[in-house]
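Notes follow once the structure below has been shown.
Each chain gets a letter, A, B and so on, in the order its sequence line appears, and its residues count up from 1.
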Number of protein chains: 2
Amino acid sequence: MKRSEDTEKRIIDAALELFVRKGYHGTSISEITQKVGLSKGALYAHFSSKGELLLHIIRKFKTSFIDQMIQTVNEHKGDALAKLHSTITFSSKFALENQDLCVFLTFLTTELKADVDFEQPLKNLYRDYQKFISQLIQHGIRQGLFNRDLDPDMAALAFMALHDGVLHQWVLNRNHIDGERYVKTFRTIFMEGLKVR
Amino acid sequence: MKRSEDTEKRIIDAALELFVRKGYHGTSISEITQKVGLSKGALYAHFSSKGELLLHIIRKFKTSFIDQMIQTVNEHKGDALAKLHSTITFSSKFALENQDLCVFLTFLTTELKADVDFEQPLKNLYRDYQKFISQLIQHGIRQGLFNRDLDPDMAALAFMALHDGVLHQWVLNRNHIDGERYVKTFRTIFMEGLKVR
DNA sequence: GCCGAAATACTAACCGATTGGTATGTGATG
DNA sequence: CATCACATACCAATCGGTTAGTATTTCGGC
């Protein structure tokens, strides 16, 4: 890896860690450079603005999570139920391995939804995600696996909602929650519901 | 209503609307005073700091939502299932009537979880909420209404997660989503799950 | 009912600190 | 010697917060 690439990565990692802890506006460029051990001028040689640094992180999330998830699940042989399981497995695993990235991106919208520069890229992320899950659920309904009363788009939103919410709750309780047990509960409730059968 | 009380309310409303759109750190005192049509000095006569203004909003959420919900549901006669329905009804209704307050409070943690002044008050909110839901689910399990394999604390987290996630998704799609249909989907999935029975 | 003073609610100007961002210079590397 | 990767020093603008002073209300004594 070239030296500049390495520095770029270090900047992104530091920025991400600060952003996820203190928010985008709550984190200053000075804090980031301090964390990396770099001068301000050096950072601006790699990223033309604070916003550009953020857009880098957004793009990274799209290519490494959304795109990869869609590809992985599409390659999975099996019915809609198996594919939905595969989706949950993929996103749980990814979220566990890229905690900061996932948590930050999931809740970035709540801070920046009114921002001219970031509103559209963020909404696009969610649109792609929803479309994918919705199609999966449509398949499941056609195959007689899922409750046919469900509106696929709504159910997809509920899926993402649960996913976002799990992340949120997990952030709040990182220290005293067993991640795997939590994901298992999540999966059970989404698939089977709360009631006894 | 006294003039000062009216002004205080106007400040809080304006602050809330800006906070929910642009985040806490993304909103400046100047923006707030401009929106209210007040000078900076006047605002600081009502609230001693930006943080104090935020704490006011947090306290308002606790007394008007968490406390009210617990009281309302406790007064509700019926089994655990009916009480859980009542909880969902209460929070849906409250969220619909106090959109900015709910959305903001739900996601404030993601921006301020590392902040010395706000971390604890925010965590306390969620602790109270979770404890309440968890006890409800325990009742349901004892009454044979809910799946006895579920860990009540985990299921409570999943409930809150779904609740948070619904709000989040709803923020992202305010214009083109039917709120009631969405809540219905949420309720169905949480109670019955996705699969056909 | 009217007056004047105290209390209240506010404005305008200002503070030091910090913000995102830039211009210029320098030492190492190939 | 040219390019790269950085540091230093600086900028105007804005930040949260304060100050001194000014309208506006309120209310008891007459």
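Look at CG on A/Leu43: it is 10 Å from P on D/dC6, rounded to the nearest Å. Between the CD atom of A/Glu8 and the P atom of D/dC4 there is a distance of 14 Å, given to the nearest Å. Per the geometry, CG belonging to B/Asp6 stands 15 Å off C1' belonging to D/dT25, to the nearest Å. Between A/Phe47 atom CZ and C/dT22 atom C1' the separation is 18 Å, expressed in whole Å. Here C/dT8 presents its P atom at 18 Å from CG of B/Leu38, a figure rounded to the nearest Å.
Of the residues in residues 110-121 of chain B, not one comes within less than 4.0 Å of DNA chain D through any heavy atom.
Residues that satisfy the salt bridge (Lys or Arg N to Asp or Glu O under 4.0 Å) test with A/Arg127, not counting sequence neighbours, are absent from this structure. Residues meeting the salt bridge (Lys or Arg N to Asp or Glu O under 4.0 Å) test with A/Asp153, sequence neighbours left out: none. Annotation: ring pair (Phe, Tyr, Trp, His ring centres under 6.0 Å) contacts of A/Phe47 (sequence neighbours excluded): A/His56. Residues satisfying the ring pair (Phe, Tyr, Trp, His ring centres under 6.0 Å) criterion with A/Phe118, sequence neighbours excluded, are A/Tyr24.
Nucleic acid contact class of B/Ala42 (heavy atoms, under 4.0 Å, all strands): base.
Side-chain contact between A/Ser64 and A/Phe94 is present, with at least one heavy-atom pair separated by less than 4.5 Å.
Screening residues 104-114 of chain A for side-chain hydrogen bond (donor to acceptor under 3.5 Å, both in side chains), with sequence neighbours left out, gives A/Thr109-B/His168. Within the structure, no pair that satisfies the side-chain hydrogen bond (donor to acceptor under 3.5 Å, both in side chains) test touches residues 82-91 of chain B, not counting sequence neighbours.
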Give every donor-acceptor pair under 3.5 Å between a side-chain atom in residues 12-22 of chain A and any protein atom, sequence neighbours left out.
from	atom 1	to	atom 2	distance (Å)
A/Asp13	OD2	A/Lys9	NZ	3.0
A/Glu17	OE2	A/Lys35	NZ	3.1
A/Lys22	NZ	A/Glu31	OE2	2.5

Once base and sugar-phosphate atoms are separated, protein heavy atoms under 4.0 Å mark nucleotides 10-18 of chain D, 5' to 3', with B, S and - as -----SBBB
